[in-house]
Number of protein chains: 2
Amino acid sequence: MSEGAAQPVGSGGIPEATISRLPRYWQVLRDVRGQTTISSQQLAEAAGVNPAQLRKDLSYLGSVGTRGVGYDVGRLIDMVSGHLIGPASRPFMIIGMGQLGSAMAAFTGYAERGFRIAALIDIAPGLVGRRMRVAAAIGPTTMVVRSIDEIEQVVAETGATLALLCVPVRVAQQTVDRLAAAGVDSILNFAADGVHAPEGVRLRDVDLGRELQILAYYQQHPGAPAARPEPAAAEPDAVPTSAASDPSNDKKVSV
Amino acid sequence: MSEGAAQPVGSGGIPEATISRLPRYWQVLRDVRGQTTISSQQLAEAAGVNPAQLRKDLSYLGSVGTRGVGYDVGRLIDMVSGHLIGPASRPFMIIGMGQLGSAMAAFTGYAERGFRIAALIDIAPGLVGRRMRVAAAIGPTTMVVRSIDEIEQVVAETGATLALLCVPVRVAQQTVDRLAAAGVDSILNFAADGVHAPEGVRLRDVDLGRELQILAYYQQHPGAPAARPEPAAAEPDAVPTSAASDPSNDKKVSV
DNA sequence: GAATGTGAAGAAGTTCACAGCA
DNA sequence: TGCTGTGAACTTCTTCACATTC
């Protein structure tokens with residue numbers, strides 16, 4: 001059917017903006033696994049987006065809602081995670097086991113989100129070979145830190161081509177190059193300082209300084225539009241003194 | 001229409017998309033502090049954006065380039081950081097001194113980016129009162145962890161209304177409410193699990209799971225257009241395969 | 001001559017509004 | 001009746017192209 005509406009994106013078909021929202025939908029869906037169906041209204045509200053937006057986003061996945069009813073929660077979860085992660089849990093490595101890397105290893109949310117730690121990597125002789133705590137699917141466990149010199153072997157053994165880069169800034173570039181050479185094609189970079197991604201590697205920066213600066217901008221410029229249009233009533237800036245907030249989900253000001 | 005296409009955004013004047021790019025320009029500018037001027041061409045290339053985009057972005061700041069010459073680097077740095085951070089360094093608090101919070105405290109890039117740690121906060125009796133290492137403007141130093149019960153006082157003393165939230169997910173919401181009540185109006189949230197921002201609070205989520213899922217999507221769908229258009233010039237990048245041995249491995253955890 | 005600043009064209013993303021199906 | 005799916009309107013963002021200034 002159809003033709004008119006051109007495919008919004010050349011290859012994959014799903015617009016970038018939609019992809020970046022999928023994880024949020026997915027998370028909301030996990031939180032409501034109890035119910036069997038959910039309407040675009042409900043899901044959109046919980047995710048903080050417009051219902052039409054949500055329906056359009058889901059329609060890109062080749063949607064399967066039922067008119068008059070809503071979406072089947074279980075089916076939608078499968079569908080979204082199929083697109084995001086694939087059928088099996090996805091292995092990844094943590095590179096650099098300093099404080100940040102250790103904190104990442106201790107994060108308990110991986111399994112739930114479809115990932116699993118395949119290896120911990122460092123270069124320091126003092127760390128390589130040591131056991132460190134990691135959060136696994138079934139409670140915490142430990143894992144031996146391996147050397148970056150074995151990286152090719154680790155990639156071959158585990159099949160992990162996704163890495164969390166937690167090394168100091170000054171070795172970030174060389175480490176990225178090293179990983180790329182070993183076949184890693186996707187890197188989440190916490191060193192974030194103008195690291196250049198080699199051909200064929202997808203690098204995503206998480207830059208603390210950037211996030212802080214953006215927040216600081218909005219602190220300095222009150223009145224700047226954040227993310228929410230939401231007409232709502234103009235309220236006299238009543239700061240809730242008691243933690244209890246009203247349940248009517250007034251949209252967040254997330255910037 | 002009346003005013004023509006003048007002010008593109010209602011209140012502040014600067015489009016959101018532009019604001020989110022300013023930190024990147026700023027960082028590039030810091031890296032080239034040596035030269036006195038820079039052209040939109042050069043700056044744009046280093047930042048990985050289109051030159052026209054860059055010029056338009058800068059023009060929102062009430063730009064001050066010189067035709068035929070380029071931009072004065074020093075002046076531009078002042079201008080951009082004036083918009084992002086303001087005249088003085090901006091104080092912030094780290095809430096939750098677990099592994100993640102400790103890693104954040106050790107991050108050495110704050111001063112350079114216009115921020116300074118004003119306080120470390122936790123709730124655990126075992127931590128409150130203890131000294132922890134933090135990276136300060138002049139080398140590392142230590143700071144006493146204070147209780148969240150003193151939060152109002154800390155805010156009053158330090159003037160910090162910006163917080164890095166590094167607490168476990170399950171107490172994230174209540175902590176946010178607590179901070180909001182104490183006058184904190186901007187929060188960078190690492191717990192990131194559908195935390196709701198009280199009225200008047202700007203919450204920005206850094207969600208590890210989300211970032212991973214987005215990367216995983218592109219792994220599964222090669223050919224989809226990613227983030228990097230076509231960044232910097234090809235640099236002759238001497239690839240140091242032998243990673244620098246780094247004894248002080250954990251100190252400079254750059255996050 | 002060289003590079004900025006910007007109107008206008010173009011692309012991408014969002015929201016509306018309603019047809020169509022359960 | 002209720003809610004999805006989607007063309008079309010609308011808004012925002014990006015890029016082009018060129019007049020303008022040094």
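Reminder, nothing fancy here: chain letters follow the sequence lines and each chain counts from 1.
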Separation of [N] [atom2] from [X] [atom1] (nearest whole Å):
X        : N       : atom1 : atom2 : result
Glu16(A) : dA12(C) : CD    : P     : 10 Å
Asp72(A) : dT4(D)  : CG    : P     : 13 Å
Leu61(B) : dG5(C)  : CG    : P     : 10 Å
Arg21(A) : dA12(C) : CZ    : C1'   : 11 Å
Leu43(A) : dC3(D)  : CG    : C1'   : 14 Å
Tyr60(B) : dC13(D) : OH    : P     : 8 Å
Leu54(B) : dC16(D) : CG    : P     : 14 Å
Gln41(B) : dA3(C)  : CD    : C1'   : 10 Å

Heteroatom pairs (N/O) under 3.5 angstrom, protein to nucleotides 8-11 of chain C:
from   : atom 1 : to       : atom 2 : distance (Å)
dA8(C) : N6     : Lys56(B) : NZ     : 3.1

If only side-chain N and O atoms of [X] are considered, is one of them under 4.0 Å from the OP1 or OP2 phosphate oxygen of [N]?
X        : N       : answer
Tyr71(B) : dG5(C)  : yes
Arg55(A) : dC18(C) : no
Ser40(B) : dT4(C)  : yes

Sub-4.5 Å side-chain heavy-atom contact between [X] and [Y]:
X         : Y         : value
Phe115(B) : Gln213(A) : yes
Gln42(B)  : Val32(B)  : no
Phe92(A)  : Leu215(B) : no
Asp207(A) : Glu211(A) : no
Ser20(B)  : Glu16(B)  : no

Can you sort out the partners of Phe107(A) under ring-ring contact (aromatic ring centres under 6.0 Å, His included), two or more places apart, ordered by chain and number?
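With sequence neighbours excluded, Phe107(A) shows a ring-ring contact (aromatic ring centres under 6.0 Å, His included) to Tyr110(A), given in chain and number order.
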If every non-hydrogen atom of Leu164(B) is compared with every non-hydrogen atom of Leu212(A), which pair is closest and at what distance?
CD1-CD2, 3.5 Å
If you look at every heavy atom in Gly194(B) and Gln173(B), which pair is closest and at what distance?
O-OE1, 4.5 Å
Indicate whether the side chain of Gln27(A) and that of Asp31(A) have a donor and an acceptor atom separated by less than 3.5 Å.
no
Sugar-phosphate only, base, or nothing, as touched by Ala52(A) at under 4.0 Å among non-hydrogen atoms
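Base: the residue Ala52(A), judged by heavy atoms under 4.0 Å, touches a nucleobase.
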Residues from residues 75-84 of chain B lying under 4.0 Å of DNA chain C - heavy atoms
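The stretch gives none, as no residue of it lies under 4.0 Å from the strand.
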Those residues at least two apart in sequence (or on a different chain) that pass side chain to side chain donor-acceptor pair (under 3.5 Å) with Arg21(B) are Tyr25(B), Gln53(B), Asp57(B)
Are any protein N/O atoms closer than 3.5 Å to N/O atoms in nucleotides 19-21 of chain D? If there are, list each pair with its distance.
from    : atom 1 : to       : atom 2 : distance (Å)
dT20(D) : O2     : Arg67(B) : NH1    : 2.6

Sequence neighbours excluded and cut-off under 3.5 Å, please list the side-chain donor-acceptor pairs for residues 73-91 of chain A, or say none.
from     : atom 1 : to        : atom 2 : distance (Å)
Ser81(A) : OG     : Ile77(A)  : O      : 2.9
Ser89(A) : OG     : Arg116(A) : NE     : 3.0
Arg90(A) : NE     : Ile85(A)  : O      : 3.1
Arg90(A) : NH1    : Gln219(B) : OE1    : 2.7
Arg90(A) : NH2    : Ile85(A)  : O      : 3.0

Of Asp57(A) and Val69(A), the one whose closest DNA chain C nucleotide lies more 5':
Asp57(A)
Tell me which one of Ile95(B), Ile94(B), Leu188(B) satisfies side-chain contact (heavy atoms from CB on, under 4.5 Å) with Met104(B).
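Only one of Ile95(B), Ile94(B), Leu188(B) forms a side-chain contact (heavy atoms from CB on, under 4.5 Å) with Met104(B), namely Ile94(B).
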